[in-house]
Every structure is written in C-alpha cells, then in structure tokens.
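Accompanying notes for the structure given below.
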Amino acid sequence: MAAVEEVVYHGTWKITECVTVAGVVEITGIEGTEFILDENGDVSWQVPDEAEPLPFFNCETYEICPAAGVEPALLKFIGTYAGHVVEFKVNISDDLMLLTYEKCCILQCQKVSSGPRKEDKPYSFLNALEHGYFSDVILRADTGKEFKAHSIILKLSAPELDWTAIITPLTGLPEDVLQTTLHYLYAECLPQGLSETTAQKCIKMVGKMPGFVKFGQLCETFLKNTALTQQMKTLVSDIHACADRINDIFGGTAGEEGHETVTLEGTMWSNPAKLCYSFRQALREEAIACAKLIIMCDLFSKRKYELSREERYELMKYVKSRIPIFMKQLLTLLTTIKVHLQALTQNQRTDIAAYLVPEMETILDTMSRFANETKVALEQAISTSANNDKGGAEKGAKPDKPKKGGIGDALGRTLKHALHLKELKKLRHFHDRTSSSFLHLRQKRDNFNMKSQPDKVRSVSQSLIHLVDEFPSFVIRLKEIIFALDEKVTWKEWKYLFKMATSRVSWGLAKVQLNRSALQPMIDEMCDIVRSEQFVASLVTLGLKSPSDNTQQSTSSKDISASSNNKTSKYAQLNCIESLCVSPTAGHSLTAKRALDLFRQGYNTDMIFEVVNLQEGGDIIIDHTANYIEDGAGAESERCSGDVMRRSSEDSLKEVYEIRAHRVIVAAHCDWFRRALLSGMKEAIDRKIVVHDMQPEIFTRFLEALYSSHLDTSGLTTEQLADLMTLCDRYEMDNLKHLCEHELKQHLNEDNALCLLNLADHLNTRHLRDSALNYVITHEEIRKSEIFDDLPDYLKEELEEAIIWQGLEPKRTTARGHNLGTPSSTSSMSEVDELVANIDRGLDLSTSSSSEDLPFVEDASRLESCIQDLMVILGDSTPREELTRIALAADYDINRALNFFFAS
C-alpha cells in the first residue's frame with residue numbers, strides 16, 4: 001500500500017466496544033485499550049489492568065495489506081516474540097476503524113489523535129535548570145562549580161529532604177554526580193551520554209538517600225541494559241572474528257580483486273590432506289559463528305522487553321551497520337575460493353577428488369543420520385503439541401469457574417487456539433520438508449555408495465568443476481545483496497526483518513530445547529565433530545548441553561545463559577519506556593502530580609495572574625470567607641481558589657480574580673509566560689500578568705493543565721471548551737489546544753456546528769474545522785440558521801460548493817449502521833475517477849455553452865475564469881462545452897481540471 005494511503009492508519013486508537021458477529025454489544029474488559037500505529041510500522045499498547053491479556057497485546061509490529069478487488073484491507077498485528085500473526089479485516093474512516101476477527105467479533109476503535117498522543121509529551125523542568133532563571137538555591141560540587149537550582153522544584157522531586165537547610169543536600173558531590181542528580185530531579189530521567197562509571201558513583205553516593213530510590217533503580221537499569229547491549233555487540237564482534245579467521249585459513253588477500261594469478265605450489269591447495277584439514281578448521285569456525293548468532297537472536301528476542309525503545313533501536317542499527325561488513329568478508333572468502341579453484345589443473349582436481357571420496361561417504365552418512373534424528377524429533381514435537389492443544393480444549397470446555405466478560409474470554413481462547421494451530425502447521429510444514437530432504441539425501445547416499453571407486457572420483461571431480469562454474473554467479477548475487485542492504489532496505493523494513501528473524505530463531509531454539517532428549521545424540525556428535533570448547537560453551541549457553549566439570553565458561557557466557565533461560569511470559573508487556581534518557585509523560589510523572597497539588601494548595605507562590613471578567617447588571621454579594629460569588633437570586637458560581645474583587649459601573653460589573661502561581665513552573669511550561677516574566681517590562685517587575693475577557697474557573701483549569709501537562713475536560717460545556725481552546729491559542733499551548741479540539745469534535749451538533757466551524761477556522765484547528773465542515777454538509781438545514789449569514793463570505797462559499805458535491809462519493813457503513821464516510825486520502829488517479837463520476841452523474845450541459853445558462857452555479861465569474869485559463873493552456877482546439885464540463889467537475893480548480901484532461 002502506498003505511504004499516502006497508510007497515513008490514515010497512523011495515530012492513537014482506542015477500543016470503544018466489542019460486537020459479536022450477530023451484532024450484539026458485549027462488555028469484554030478490553031474497552032479503553034489504546035494502541036498507537038506509528039509511521040515506522042511499530043504498534044504499542046496501553047491495556048487496562050483488569051483486561052485479559054490477549055495475544056495481540058504483545059504484538060509490536062503491524063502491517064497493512066491493501067484491499068484487493070472485493071476483499072477488504074487487512075491489518076496484521078505481528079508478535080515478533082514467537083512470530084505470531086493476528087489478522088483483522090479492517091474498515092476505516094478518519095476517526096472510526098472496525099477490526100473484524102472472523103467467526104469471533106468486531107472491535108470498534110475510535111481515533112484519539114493523528115499520532116502518538118500529543119498531550120503525552122515528556123514532563124520536565126530542564127529548561128529552567130539550563131538557563132537558571134528565578135533561581136533561589138546554589139549547589140556547589142567538590143570542584144567548586146556552582147549549579148543554579150530552584151527550591152520549589154527540588155521539593156517537588158525529593159520532598160523527603162530539607163532544601164532550605166544551611167548546608168543544602170547534595171553539596172560537595174563530584175561534579176559529574178551532582179550534574180546527573182540534578183538532571184534527574186528536574187526531568188526524572190538520566191542525561192544523554194551518561195558513563196557507566198558515573199552511574200556507579202551515583203548509586204553509591206546518592207541512590208540510598210531518602211527520595212532517591214527511583215534514581216538508584218534507574219542507574220542500575222542503565223548499567224544492566226548497557227551490559228546487555230555490550231553482550232550483543234560482543235557476540236557480533238565474535239562472529240566477525242570467526243569470519244576473519246576463515247579468510248586467514250584460505251589466504252583471503254590472495255583472492256581480492258586484482259589478483260588474477262595465484263601460485264598453488266607449496267600451498268594447501270596443492271596438498272589434498274592440508275586442504276581437507278583447512279576446510280575442517282573453517283567449518284569449525286562457521287559452527288562457532290552460527291552458535292553465536294543463535295545466542296544473539298535468542299538474547300534479543302527474550303530480553304528486548306527489558307530495554308527501552310531507544311536502546312532496542314540502537315542495537316538494531318548497530319547490527320544493520322555490521323551486515324555489509326560481514327557480507328564483504330563473505331565476498332572475500334568466495335572470491336578467494338573461486339580464484340584458487342579455477343587455478344587447479346585437471347590432475348590436481350583428480351587428486352583432491354580421490355582424497356575426498358572417503359570424506360564424502362562419511363559426510364553423507366552423518367547428514368542422513370542427522371536428518372533422520374531431526375525427523376523423529378519433529379514427529380515427537382508435533383505429537384506433544386497436538387496433545388497439549390487437545391488437553392487445553394478439553395480443559396477450556398469446562399472451566400473451574402466462570403470469568404467476567406464472556407466474549408472477551410472467548411476472543412482470547414479463539415486467538416490462542418488459532419495461533420497454536422498456526423504453530424502446529426509450521427511444525428508439520430517443516431517436518432514435510434525435512435522428510436523430503438531426508439529421502440533425497442538417502443537416495444544420493446545410496447547412489448554414491450553403489451558406484452565404483454573410479455566413478456566416485458569422477459563424480460567428485462565433476463562436482464568441483466560445477467562448483468567452479470557456479471562461483472561467479474554466487475559472487476554477483478552476493479554483490480547485489482550488499483548493494484540492496486546499503487541502498488534499498490529502509491529502516492522500517494530492516495526493523496521488521498530483524499525482529500521477525502530473531503523471533504523465529506528463538507522460536508526454533510525453544511522447540512529444540514523442549515525436545516532436547518530426542519536430539520541429544522545428534523548434539524553430542526556435533527560436539528565431537530567440531531571439537532571446540534567455544535562451541536560446547538555456546539551450546540551450554542543455549543541450554544542444549546549440560547555443563548560438565550571440564551567445561552569452563554566465561555562470566556559473560558554464564559550471564560547470557562542465565563538470562564536466556566529465564567522464563568519470559570508469553571504475554572509480558574513490552575517495555576513502553578521511550579528511553580532512560582527521556583522524561584516520563586505527564587500521566588506517569590510523580591513530579592507532575594505533586595506540581596498540581598502545589599498549585600491547588602497555593603504554597604510558596606511568587607507571582608499573580610489577575611483575571612478580569614466583565615459581567616452584565618445585577619447586584620452581587622461578595623463572600624470572602626467562602627470564596628464564591630452569590631447574586632441577588634441566591635445562585636452560586638463554581639468555587640475557585642484565589643481572591644475576588646468587584647468594581648461596579650453603570651452598565652457592567654468588572655470582576656478581578658487573582659490567582660497565585662510559581663514563576664519558574666509557569667515559565668518552564670509556557671514560552672509566552674516565560675517571555676513576559678523575563679522581559680524586564682511591567683509583568684516582570686510587578687510579577688503579575690493580567691488576563692482579560694476570561695472566566696476565572698476556565699483560567700484556573702488552564703493553569704492546572706499548565707502545571708500538570710494534563711487537561712481535565714470533564715464537566716466542561718461546549719462554550720467552556722471553546723473558551724479554553726481560545727486561551728490555549730492565545731498563550732501558544734498547542735498540545736492543550738489539540739486536546740480541546742479533540743473534545744469539541746465530540747460536542748458537534750446542529751446548534752453549534754457553525755459556531756465551531758467559524759472558531760476552528762479562526763484558530764486554525766484543522767481537524768475540528770474538517771469535522772464541523774463535514775457535519776454542516778450532511779445537515780443542510782443548518783444553512784437556514786441566522787448564524788450562517790454571519791459567517792465570512794469565503795466560508796459560506798466553501799460550504800455551498802461542498803454541499804453541491806456531497807453525495808457523489810460512495811458511503812460506507814459499519815455493521816451497526818455507523819456512517820464511515822469517504823476515504824480520507826486519495827491519489828491523483830482517484831481524483832480523475834471522481835471527476836469522471838461527477839460528470840457522469842448528471843452534469844448534462846449539452847445545451848449550455850456559457851456560464852449564464854448553468855442552473856446551479858453560484859459564482860459564474862470563477863467558472864469563466866477557469867474556462868479562460870484552460871483555453872490559454874490547451875488552445876482553441878477543445879470545444880467550450882467540454883471545457884465547461886471539466887471546469888465544473890473540477891470545482892473551478894485549474895490543476896484538477898488539467899489532471900482530468902490529460903489523464904483522459
């Protein structure tokens with residue numbers, strides 16, 4: 001699917017309800033689950049605590065398969081831990097997506113935002129720490145360097161310590177430790193570029209202090225993840241080292257480009273015994289490299305849940321950067337072997353073939369035995385898996401006690417059963433391929449053994465000649481692969497390939513571990529053939545061989561073995577931390593919650609917001625003790641913290657409401673307020689900012705959102721939400737403005753659609769504007785409202801034109817009758833198809849030759865202008881009637897008209 005079509009899927013979605021195939025809405029427990037589909041092909045989940053862990057909740061990759069003919073599009077959730085794929089048929093509009101799982105249910109999902117939720121941005125005060133404005137605390141390191149800090153923020157982050165003491169806590173620490181600790185206090189995360197030495201010192205000197213337990217845990221996680229990352233990088237380096245040793249064995253430099261002639265006399269290539277010995281050494285190194293590769297794949301697949309997203313990406317990028325190097329090592333090896341084999345004489349090939357005949361007999365016997373043992377082990381694995389499925393089904397048929405959310409449990413059982421069947425199918429497919437290979441191999445062994453000795457020598461010699469002939473094509477293909485990896489594999493594709501490959505290797509290893517007893521003779525024989533302590537140690541690490549007294553393992557191998565053999569829950573949630581060096585979002589920040597409490601308590605404030613609101617007429621009684629306002633009729637306004645003053649005039653009452661706040665917090669989270677408070681003007685001198693034409697309760701809600709980076713819109717009317725969005729626009733708080741926009745979309749109705757359209761157009765809130773416009777288009781009676789006449793002319797024109805064209809696009813509805821509207825994105829060719837449809841659906845202008853004759857054209861001048869532009873570009877050869885038809889179908893847009901003309 002083209003990228004422009006996939007964009008409609010990107011964003012944050014919430015599961016709102018689950019509908020059975022019969023159309024009955026059921027309470028499943030998974031309602032409220034949110035998932036983010038990003039542009040890189042990653043999916044992340046936020047699942048309610050009470051929800052049953054379904055298989056796709058652990059999927060971390062997704063793929064969109066476009067609709068083919070009458071078949072719907074597919075959304076595939078891919079679980080890269082075990083290679084599972086859960087497919088949903090998908091029907092989507094701008095804000096609604098239906099996911100249908102065959103023979104089970106339909107999940108209705110509502111779009112929360114067009115990307116990762118914008119309110120979920122990192123919460124920190126690093127801006128204040130970096131610039132030091134409004135600082136009231138100085139912390140000195142052991143080197144004498146001073147750091148400007150803020151007691152109010154330090155108390156929010158570590159309230160257990162007395163930051164007003166004569167000797168401030170943290171004074172005298174090493175400079176790197178103090179800088180790291182302050183970064184944590186202001187951002188609840190670790191700084192970029194933190195060294196392992198500094199992290200260790202932070203744990204020792206600060207991690208055990210009151211209020212710094214989480215800081216110590218973060219440093220310990222950093223050290224553990226750094227060690228894990230280094231283990232994987234070491235494994236990659238070991239694989240490179242094996243490849244280098246193989247090249248050294250065969251004399252890699254002799255086969256590089258430019259070395260067309262080689263001398264075989266006195267080398268292993270002129271001595272069959274030495275050549276066979278060298279090949280055995282090379283196979284030994286290859287076996288070690290393969291074992292290291294399996295360890296790396298298994299380690300990443302099982303322990304990636306411990307890493308942050310940034311650390312996982314760093315590892316994948318590192319491996320991708322090493323693959324071209326490995327490919328070039330392989331290219332050097334193939335080129336070396338090609339050059340030397342081509343230099344062999346007929347007599348030398350015959351000597352090598354005669355020496356290889358006994359070796360070939362042994363190799364064929366060993367491979368046949370291995371294939372047979374693998375086939376038996378697979379049969380045992382299939383039998384065990386099938387029995388487990390049958391036992392699970394019988395157990396599931398009569399549960400001990402019923403669970404809540406019957407359809408949720410049914411969905412979980414259905415998905416798990418489907419995934420188990422797919423796993424069984426993979427095993428059977430592998431068994432069939434192994435059986436076929438076994439028969440083919442046994443036939444080749446029997447045919448080879450039946451030949452006479454001279455025929456065997458000729459057969460091996462012919463195989464060498466055939467190998468020499470094939471080597472050039474091998475080299476060319478390898479060069480193409482290297483180029484493709486460097487130039488054509490995108491980051492999104494590489495992430496998918498890497499995660500899927502590592503998961504399948506890990507899945508295969510798990511199956512071998514489960515059937516280790518059946519494969520133990522083959523594993524022991526492999527160890528005898530390879531004869532390498534490194535290889536044996538790697539098998540011990542993988543859990544395929546028990547450690548013996550004479551097997552020495554390095555500390556790193558023991559660590560890897562312990563971590564690899566840890567049982568990982570099949571449904572363990574993937575670590576949702578973006579990075580150890582990125583602040584938590586407001587919803588996960590303890591400092592944000594404390595900041596909100598601080599504002600509500602009004603403790604240690606150092607500035608004032610003066611909210612001025614005009615009210616018409618009426619006598620007002622002020623009750624300063626209760627902190628609310630009561631009019632003559634006895635009605636009470638919403639209670640708010642702060643001081644209230646009233647000034648009367650003949651026609652209106654001026655309400656001045658004072659709200660106290662903290663400069664550093666306000667300045668750190670709002671650029672507009674920071675500029676005002678640091679400007680040196682009246683606001684900065686008086687420490688007071690005046691806010692006009694705003695209800696105090698709305699501004700209080702705005703400040704609460706400013707302190708906590710979370711906007712509580714519960715209980716707000718449409719008018720209050722509109723005021724709040726205007727306030728966010730005034731003070732450049734785009735993330736809060738986006739939230740208000742999303743909430744207002746849910747409040748659209750016939751009474752407010754035009755007002756919200758006008759407001760959205762004025763504030764440039766595109767999503768609300770589009771939603772309001774579509775609402776008015778589908779409710780033409782709204783145009784009869786007096787509010788319609790007050791709209792700007794360009795808005796009225798846009799509405800009139802849109803209403804003319806509405807109904808020309810096919811509508812889509814959900815299984816429950818919800819209108820899904822039209823696709824949100826189209827290609828240029830679909831625009832052409834749309835124009836053709838527009839013309840064919842009744843624009844019969846065969847008798848009209850001028851704009852004055854058209855029955856429903858609102859703006860004849862625009863039509864005439866478009867026709868004239870077309871005539872200038874296309875010349876006089878095209879009839880005016882045709883130009884009129886095209887201009888009308890293109891909605892007077894010259895570019896669309898030209899696209900249609902040239903396409904047709």
Side-chain angles (χ1 to χ4, degrees), residues 242-289 327-371 437 440-479 526 528-532:
C242 290
D244 285 334
R245 288 194 291 270
I246 293 174
N247 277 324
D248 291 340
I249 290 171
F250 290 103
T253 56
E256 293 178 355
E257 297 292 340
H259 295 267
E260 299 298 334
T261 60
V262 293
T263 302
L264 301 182
E265 294 299 327
T267 67
M268 65 178 184
W269 297 93
S270 62
N271 188 325
K274 289 184 178 180
L275 184 61
C276 288
Y277 176 75
S278 298
F279 266 100
R280 289 195 189 97
Q281 285 183 304
L283 290 174
R284 180 179 297 114
E285 295 294 338
E286 183 181 352
I288 295 172
M327 288 293 186
K328 289 175 182 176
Q329 289 177 309
L330 182 58
L331 179 61
T332 300
L333 174 63
L334 292 179
T335 306
T336 300
I337 295 176
K338 179 192 75 170
V339 171
H340 284 91
L341 287 179
Q342 288 175 338
L344 290 173
T345 65
Q346 179 63 39
N347 291 335
Q348 288 173 327
R349 277 198 295 270
T350 302
D351 292 342
I352 293 174
Y355 190 89
L356 285 179
V357 166
E359 298 289 337
M360 288 296 298
E361 293 173 344
T362 303
I363 291 172
L364 288 173
D365 288 341
T366 303
M367 291 179 64
S368 298
R369 190 165 57 254
F370 283 0
S437 299
H440 180 68
L441 186 62
R442 187 171 63 181
Q443 184 178 6
K444 293 196 73 171
R445 183 197 62 181
D446 294 342
N447 291 338
F448 188 79
N449 291 337
M450 291 173 61
K451 293 179 180 179
S452 63
Q453 186 67 18
D455 288 339
K456 290 180 180 179
V457 173
R458 279 193 294 273
S459 176
V460 174
S461 181
Q462 288 295 326
S463 297
L464 287 175
I465 295 173
H466 180 70
L467 186 63
V468 171
D469 293 338
E470 289 292 329
F471 257 107
S473 63
F474 292 159
V475 172
I476 292 173
R477 290 173 188 171
L478 188 58
K479 289 180 179 179
M526 288 174 61
D528 292 338
I529 294 173
V530 176
R531 295 181 182 275
S532 168

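What you are looking at is a predicted structure, and each value in this text was computed from that prediction instead of being measured.
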Under the rule for salt bridge (Lys or Arg N to Asp or Glu O under 4.0 Å), what residues qualify as partners of [X], not counting sequence neighbours?
X    : answer
R531 : none
E470 : none
R477 : none
E361 : K456

Hey, what do you get for [atom1] ([X]) to [atom2] ([Y]), rounding to the nearest 0.5 Å?
X    : Y    : atom1 : atom2 : result
F370 : I363 : CZ    : CD1   : 11.5 Å
S452 : R458 : OG    : CZ    : 6.0 Å
R442 : N447 : CZ    : CG    : 12.0 Å
Q281 : I249 : CD    : CD1   : 4.5 Å
L330 : K328 : CG    : NZ    : 13.0 Å
S368 : D446 : OG    : CG    : 7.5 Å

Might you point out which heavy atoms bring [X] and [Y] nearest each other, and give the distance in Å?
X    : Y    : answer
V357 : V460 : CG2-CG2, 4.2 Å
I288 : S532 : CD1-OG, 3.2 Å
V530 : A287 : CG2-CB, 3.9 Å
L341 : W269 : CD2-CZ3, 4.0 Å
Q329 : D244 : NE2-OD1, 2.6 Å

Original post:
Are side-chain heavy atoms of N271 and L275 found at a separation under 4.5 Å?
Top reply: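 A side-chain contact under 4.5 Å is absent here.
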
Do [X] side-chain atoms and [Y] backbone N/O form a donor-acceptor pair below 3.5 Å?
X    : Y    : answer
Q342 : V339 : no
D455 : K451 : no
R445 : L364 : no
T366 : T362 : yes
R349 : L344 : yes
H466 : Q462 : no

**OP:** Identify whether the distance between the nearest side-chain nitrogen and carboxylate oxygen of R280 and E359 falls below 4.0 Å.
**Re:**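 Salt bridge flag = yes for E359 with R280.
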
Subject >> Under the ring pair (Phe, Tyr, Trp, His ring centres under 6.0 Å) test, residues paired with F279 that sit two or more places apart >> reply: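 In terms of ring pair (Phe, Tyr, Trp, His ring centres under 6.0 Å), with neighbours along the sequence ignored, F279 is linked to F250.
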
Subject >> Chi angles and distances behind the side chain to side chain contact (heavy atoms under 4.5 Å, CB included) call for S459, M360 >> reply: CA-CA 11 Å; S459 176; M360 288 296 298; over 6 Å; no

**OP:** Report the residues that fulfil side chain to side chain contact (heavy atoms under 4.5 Å, CB included) with D351, sequence neighbours left out, ordered by chain and then residue number.
**Re:**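 So D351 forms a side chain to side chain contact (heavy atoms under 4.5 Å, CB included) with P272.
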
**OP:** Please check if atom CE in M367 has more than 12 non-hydrogen atoms from other residues, nucleotides or ligands closer than 6.0 Å.
**Re:**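 At most 12 heavy atoms, drawn from other residues, nucleotides or ligands, come within 6.0 Å of this atom.
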
